[in-house]
There are 2 protein chains.
Amino acid sequence: MASVTIYDVAAKAGVSIKTVSRVMNKEPNVRPAMRDRVLEAAGELGYSPNLSARSLAGSRSFVVAVFVDAALTIDHWQSERGADYLSRIQLGATLVCREAGYHLLIELIDNDGPKVRQDVAAFLAALKPDGVILTPPSSDNPGVLETLDKAGTPYVRVGPERAEGLGPRVHMDDVAAAREMTQHLADLGHKRIGFIVGEPRYGASQARREGYLEAMKARGLAVADGWVRQGDFTFQSGLEQAKALLALPDRPTAIFASNDDMALGCIAAIAEAGLMTPGDVSVAGFDDSPSARFSRPQLTTVRQPVAEMSSAAAKLLIAQSRSSDPPERPVDMLLPFELIHRASTAPPPK
Amino acid sequence: MASVTIYDVAAKAGVSIKTVSRVMNKEPNVRPAMRDRVLEAAGELGYSPNLSARSLAGSRSFVVAVFVDAALTIDHWQSERGADYLSRIQLGATLVCREAGYHLLIELIDNDGPKVRQDVAAFLAALKPDGVILTPPSSDNPGVLETLDKAGTPYVRVGPERAEGLGPRVHMDDVAAAREMTQHLADLGHKRIGFIVGEPRYGASQARREGYLEAMKARGLAVADGWVRQGDFTFQSGLEQAKALLALPDRPTAIFASNDDMALGCIAAIAEAGLMTPGDVSVAGFDDSPSARFSRPQLTTVRQPVAEMSSAAAKLLIAQSRSSDPPERPVDMLLPFELIHRASTAPPPK
DNA sequence: CTGAAAGCGCTTACAG
DNA sequence: CTGAAAGCGCTTACAG
């Protein structure tokens, strides 16, 4: 019960606590013999430095925080929708933290609340995390960013929409991904390709639409009235918008939905209309969510490097906290996406 | 940058730091006028007590940890399967923590590793969390439980398999849930009901099989050879075992899969065999995962109170950390499941 | 109801 | 290469 402290280890090893501290922190200037003696004593005693004491006395807390939007989280809970994006964010970050002896803290943020700045400032003052990983929409929240800057807490923005000059970011190219997926459909021979836009509050929604429009233009394909439809990232919206697309006089032979949930809705709508995917209508999604492989046919989609982005963010923050160097050149990591070709896309019917 | 400390607030309010401390901790014995003065000073200064200092000097850390299995986590990542269970665990706990001013830490545990005890002991010594939420299989890991007991750290086991006498637990009745689902199928008129068992390492797998067998027996329904098949909770295993069931001479008219992923595999297998769900074969799942509503037909399944279990666990731990009372009578909370009737189950074909 | 003193377990300068 | 002193920002007894 009574914890083992640095004094116990120092006494057992017959050295000063400062030497124990040096060994535990892998600082130089300790003779190998001393080091071994300390390590042995620490091992026998089962000593593990108290993080609070380290944090209070020193400049590091060994804690990395992830800011997650509170409203989105509650929404996911209530709607029983998946939280796949956040799971992946956490997986990537947790693994990196663990390897480095850091700990990951999940912090819920009211991005739209009137007290975001206060909340964030209070959190930073209380916890003094060595770094913060910002997930959307915190990644673009000026109040959050400024508060972090003011506190001098390093952070990395994951998948932000607004460009540079706003602090380090790790992201992927949504425009290019949507462009390539549209090209894939065009390459299969589709000329009439419909598109379902995602929830407008997410910057990614606009980026994906842009990529679609660019590719259509580049291939000289017309975008007829009613082919670009507004969804909201839910299965239901995909179902409805696909129905609308199928009801069009000159209906598309392919539908590109901005995320997998909507794409699954499209497949359901196509089946309900008595048509086949991909025989009559091809469907492409975006995300590579778990359900993309459980659908029949399996979904052609875009794999986002979500876990990789958060791993990269965690690594950056940990490296920075270790070196305490000035944040060198501005970080701007672009991670590659991947087109996953599965069974939901095929050439259009003859 | 330079943090606001308790001394700044005390100076500004013209009181001692002890009084500030009393106000911040809502301790009694402070005159309302004093309290107001302190609160005002704290507000103007934007003061937020340093958690490390609080933890070091006091007996609370305001941190609740969730133990998550490392291997499972890595597995989920690599297989790109969902981590729905863990998401729900976290959602429930995070919300409660935030409301109470606590912080949630995710800690990866090597449940099968040779150093679990050491790892856990080191974590507890370093972080001194006020409580730990154990998710399966940590909930049943003797090494983990004993280490927590030895350190005197309060914990709650979520969904453990082994019964009482092993510390507080919050769980649901898997046997009853499987029994009721089987009864539901029998009530629809099914007499030939197949069952797909889950990954054997999970205690829930056995419990669900037991519930199925109990209900079959109670209804006087025979369980023919080959009707109980071993799966592993993956879509693929559900697909394969359903194929095997459908190939049986006297094939079942209903299949009850131990989780939704396998149930979705069943639906796929039924379609591949040229049959209809539920027209020819009914399918029931277990979990109410997000994809249960994206499938066609939508899945009849069991909703587990996962978020509710972790909320309850977090509440218990926070209450205990606040009162520092002896852990009263042993906690054993049984939370209700819910049968979700959707479209994948119907009477058997005439 | 209020406060002065001691101490939590470390790291940070600073000496030698 | 090693160590003695001071201090991080709080809470815990203990006085009054």
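Residue numbers begin at 1 in each chain, while the letters A, B, ... track the order of the sequences.
- The side chain of Val15(A) has dG3(D) as its nearest neighbour among dG3(C), dG9(C), dG3(D).
- Taking a pair as Watson-Crick or G-U wobble with both distances under 3.5 Å, DNA chain C forms stems of 3 or more consecutive pairs at C:1-3 with D:14-16, C:5-12 with D:5-12, C:14-16 with D:1-3.
- Whole-Å rounding puts the Glu27(A) CD to dA13(C) P distance at 12 Å.
- Nearest to the side chain of Lys18(A), among dG3(D), dC10(C), dT11(D), sits dG3(D).
- By the 4.5 Å heavy-atom criterion applied to side chains, Thr147(A) and Thr153(A) are not counted as neighbours.
- The CG atom of Asn29(B) sits 13 Å away from the P atom of dG3(C) (whole-angstrom rounding).
- In this structure, NZ of Lys26(A) is placed 17 Å from C1' of dT11(C), rounded to the nearest angstrom.
- Taking the ring centroids of Phe123(A) and Phe67(A), they lie under the 6.0 Å cut-off.
- Under 4.0 Å is where a charged nitrogen must lie from a carboxylate oxygen, and between Asp332(B) and Arg169(B) at least one such pair does.
- The side chain of Met34(B) lies closest to dT2(C) when the candidates are dG3(C), dC10(C), dT2(C).
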Listing, residues 96-108 of chain A side-chain donor-acceptor contacts under 3.5 Å, not counting sequence neighbours, or none:
unit_1: Tyr102(A); atom_1: OH; unit_2: Ser321(A); atom_2: OG; d: 2.6
unit_1: His103(A); atom_1: ND1; unit_2: Glu107(B); atom_2: OE1; d: 2.9
unit_1: Glu107(A); atom_1: OE1; unit_2: His103(B); atom_2: ND1; d: 2.9

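- Distances shorter than 4.0 Å separate some side-chain N or O of Ser21(B) from OP1 or OP2 on dT11(D).
- Atom CZ in Phe62(A) sits about 12 Å away from atom P in dC10(C), given to the nearest Å.
- Between the CD1 atom of Ile17(B) and the C1' atom of dT2(C) there is a distance of 13 Å, given to the nearest Å.
- Look at Ser59(B) and you'll find a side-chain N or O under 4.0 angstrom from OP1 or OP2 of dT12(D).
- Between Pro28(B) and Gly58(B), the residue anchored closer to the 5' end of DNA chain C is Pro28(B), taking for each the nucleotide with the nearest heavy atom.
- Among the nucleotides dC10(D), dT12(D), dG3(D), the one closest to the side chain of Thr19(A) is dG3(D).
- Side-chain contact between Met309(A) and Ile89(A): absent, with no pair of heavy atoms (C-beta onward) separated by less than 4.5 Å.
- Listed candidates were dC10(C), dC1(D), dT11(D). Nearest to the side chain of Arg31(A) is dC1(D).
- Although no hydrogens or angles enter the test, the distance criterion places no donor-acceptor pair under 3.5 Å between the side chain of Ser52(A) and the main chain of Ser55(B).
- Atom NZ of Lys128(A) and atom C1' of dC10(C) are 16 Å apart (whole Å).
- Residue contacts shown for Leu51(A) are absent, as no nucleic acid heavy atom lies under 4.0 Å away.
- The side chain of Ser16(A) contributes no N or O atom lying less than 4.0 Å from OP1 or OP2 of dT2(D).
- Listed nucleotides: dA13(D), dG9(C), dC10(D). Nearest to the side chain of Ala53(B): dC10(D).
- One finds a side-chain N or O of Arg54(A) lying less than 4.0 angstrom from the OP1 or OP2 phosphate oxygen of dT11(C).
- Neither OP1 nor OP2 of dG9(C) sits under 4.0 Å from any side-chain N or O of Asn50(A).
- A heavy-atom distance below 4.5 Å is not found between the side chains of Ile109(A) and Asp69(A).
- Val144(A) has its side chain within reach of Leu148(A): a pair of non-hydrogen atoms, C-beta onward, lies under 4.5 Å apart.
- For Leu56(B) and dG7(D), the CG to P distance is 17 Å, given to the nearest whole Å.
- In this structure, Ile6(B) places its CD1 atom 14 Å from C1' of dT2(C), rounding to the nearest Å.
- Proximity of Tyr47(B) to the phosphate of dC10(D): a side-chain N or O atom is located under 4.0 Å from OP1 or OP2.
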